[in-house]
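Both counts, for ligands and for their atoms, begin at 1 and track the order of listing. This chain uses plain numbering: 1 for the first residue, then up along the sequence.
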Amino acid sequence: YKAKSARTGHHVYRSTDDSHGDTRLRTLEELRNALAENELVLHFQPKIELATGAVQGVEALVRWQHPTRGLLYPDAFLELAEESGLMPGLTQVVLAQALDQAARWQAQGTPLSVAVNFSGSSLVDESLPERIAAMLLARALPSSALQVEVTEDFLMADRARAHDILSRLRVRGVRIAVDDFGTGYSSLAYLRDLPIDQLKLDRSFVSPMTDDPRAAALVSSTVILAHSLGLTMVAEGIEDAEAYAALARFGCDQGQGYYMSRPVPAADFDLWLARRHPESQALWRDHGAGD
Ligand code: C2E
Ligand code: MG
Ligand code: MG
Ligand code: MG
């Protein structure tokens with residue numbers, strides 16, 4: 001019975017396990033099954049250019065359509081996937097689904113770049129850049145169709161390896177974003193030397209901004225610093241018009257948040273896009289021409 005967790009080792013399977021342990025074990029078995037049975041689904045949330053309102057891409061966020069427990073969110077199963085060694089498999093499934101969707105959007109005439117979240121354990125795979133290149137090629141997608149989101153923790157854990165993997169992705173034209181920026185311990189000085197394109201300011205900096213001038217000052221100076229390093233800034237967790245307006249005023253390039261759209265299934269995203277940009281066909285054909 002392969003229920004051994006990488007982190008907790010031998011604890012997982014014991015006859016004295018409490019109900020929590022039993023649940024965990026069952027979930028692990030179900031998760032393994034979910035990968036094989038295609039129970040993972042992706043929801044998509046737009047990345048909006050704040051100055052114009054244009055949709056610049058989408059982030060793919062994984063959910064598990066559980067046969068009995070309903071739709072489960074990442075906090076219910078990602079940690080388990082990580083601890084039990086299922087993460088590389090999960091990432092592969094997510095990546096394939098995200099690129100399939102990017103290919104559908106391209107065929108529909110609304111090409112959108114899809115950002116995929118990578119955990120550290122998924123990025124240690126040396127063959128990842130080649131595998132990604134092959135997956136793009138198989139779908140006739142340009143490398144700009146994919147964006148990779150990594151966390152500061154990964155970047156800090158093994159700097160040399162992070163640098164190597166990210167630069168091999170980036171020379172192929174895949175853009176890299178640092179997720180949840182500000183929550184880890186990386187400094188801008190360190191980030192300067194990394195092959196990255198974008199910082200995603202963590203939501204915990206965005207929410208207090210409208211009430212607290214010092215929080216706002218922190219955000220606006222971080223935007224300036226990011227720009228001075230040649231990086232674009234995306235703000236997470238924009239929940240109201242005030243936050244949107246303040247970030248736009250600070251020159252923050254892009255934003256994501258419930259105020260614009262929650263993460264939704266692809267079909268709902270298409271409806272949202274059509275309502276927002278009735279001219280989206282034309283808009284996307286002359287990408288960058290503005291509206
Ligand atoms: P993240 O990559 O930082 O994604 C942003 C999270 O914030 C998402 O939660 C999103 O639904 C949520 N969010 C977006 N806008 C707002 C807002 O305005 N207000 C609030 N309160 N929340 C907002 P979600 O989907 O539950 O994902 C949580 C985390 O799970 C992600 O954080 C990411 O670290 C991880 N994750 C999600 N999908 C994947 C995946 O496919 N692979 C890996 N490795 N990690 C994933
Ligand atoms: Mg992310
Ligand atoms: Mg994030
Ligand atoms: Mg986050």
Give every donor-acceptor pair under 3.5 Å between a side-chain atom in residues 90-101 and any protein atom, sequence neighbours left out.
residue	atom	partner	partner atom	Å
T91	OG1	M87	O	2.9
T91	OG1	S122	OG	2.6
Q92	OE1	R131	NH1	2.2
Q97	NE2	L40	O	2.9
D100	OD1	R139	NE	2.7
D100	OD1	R139	NH2	3.2
Q101	OE1	R104	NE	3.1
Q101	OE1	R104	NH2	2.9

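Here T151 has no heavy atoms under 4.0 Å from ligand 1, in either its backbone or its side chain. The side chain of D179, and not its backbone, has at least one atom closer than 4.0 Å to an atom of ligand 1 (non-hydrogen atoms only; side chain from C-beta on).
Atoms of ligand 1 lying under 4.0 Å from at least one heavy atom of E59, given by number and element, are 2 (O), 4 (O). If you number the atoms of ligand 1 from 1 as listed, the ones under 4.0 Å from a heavy atom of I238 come out as 18 (O). The distance from ligand 1 to the heavy atoms of Q45 drops below 4.0 Å at these ligand atoms: 14 (C), 15 (N). Close approach of ligand 1 to E236 (heavy-atom distance below 4.0 Å) involves ligand atoms 3 (O). Listed by number with element, the atoms of ligand 1 under 4.0 angstrom from any heavy atom of M87 are 44 (N). Interface of P263 with ligand 1, defined as ligand atoms under 4.0 Å from a residue heavy atom, comprises 11 (O).
Taking a cutoff of 4.0 Å between a charged side-chain nitrogen and a carboxylate oxygen, R170 and D197 qualify as a salt bridge. Salt bridge status for R26 with D22: absent, with no side-chain N to carboxylate O gap under 4.0 Å. Ion pairing between a basic and an acidic side chain is recognised when a charged N comes within 4.0 Å of a carboxylate O; E37 and R32 show no such pairing. A salt bridge links R24 with E83; the closest basic N to acidic carboxylate O contact falls under 4.0 Å. Note on R168 versus E130: salt bridge recorded, some NZ/NE/NH1/NH2 to OD/OE distance being below 4.0 Å.
Taken from CG in N33 to CG in L28, the straight-line distance is 11.0 Å, to the nearest 0.5 Å.
Atom OE2 is the N/O/S atom of E59 found closest to the Mg ion (ligand 2). Nearest N/O/S atom of E149 with respect to the Mg ion (ligand 2) is recorded as OE1. The atom name of the N/O/S atom in D179 closest to the Mg ion (ligand 2) is OD2.
Two rings, from F44 and W272, have their centers 6.0 Å or more apart.
Note that R159 lies in the cation-pi zone of Y190, set by a 6.0 Å cut-off to the ring centre and a 45° limit from the axis.
Under a 4.0 Å heavy-atom criterion, R63 is in contact with ligand 1. Not close to ligand 1: Q256, with no non-hydrogen atom less than 4.0 angstrom away. For the ligand labelled ligand 1, residue K200 lies outside the 4.0 Å heavy-atom shell. Residue-ligand proximity: H43 is placed with every non-hydrogen atom at 4.0 Å or more from ligand 1.
In terms of polar-atom proximity, Y73 is not counted as a contact of ligand 1, lacking any N or O under 3.5 Å from an N or O of the ligand. Checked against a 3.5 angstrom limit, the closest N/O atoms of T91 and ligand 1 fall outside it.
The residue among L61, L78, D75 with a heavy atom at the shortest distance from atom 45 (N) of ligand 1 is L78.
Within the 2.8 Å limit, D180 places no N, O or S atom next to the Mg ion (ligand 2).
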Margin query: Set out, in order, the CA-CA distance, both residues' side-chain angles and the distance that settles side-chain hydrogen bond (donor to acceptor under 3.5 Å, both in side chains) for Q45 and Q256, then state yes or no.
Written below: CA-CA 7 Å; Q45 185 181 39; Q256 283 178 267; 3.2 Å; yes
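A donor atom on one side chain and an acceptor atom on the other are not found under 3.5 Å apart for E59 and Q147.
Considering only residues two or more places apart in sequence or on other chains, D240 meets the salt bridge (Lys or Arg N to Asp or Glu O under 4.0 Å) condition with none of them.
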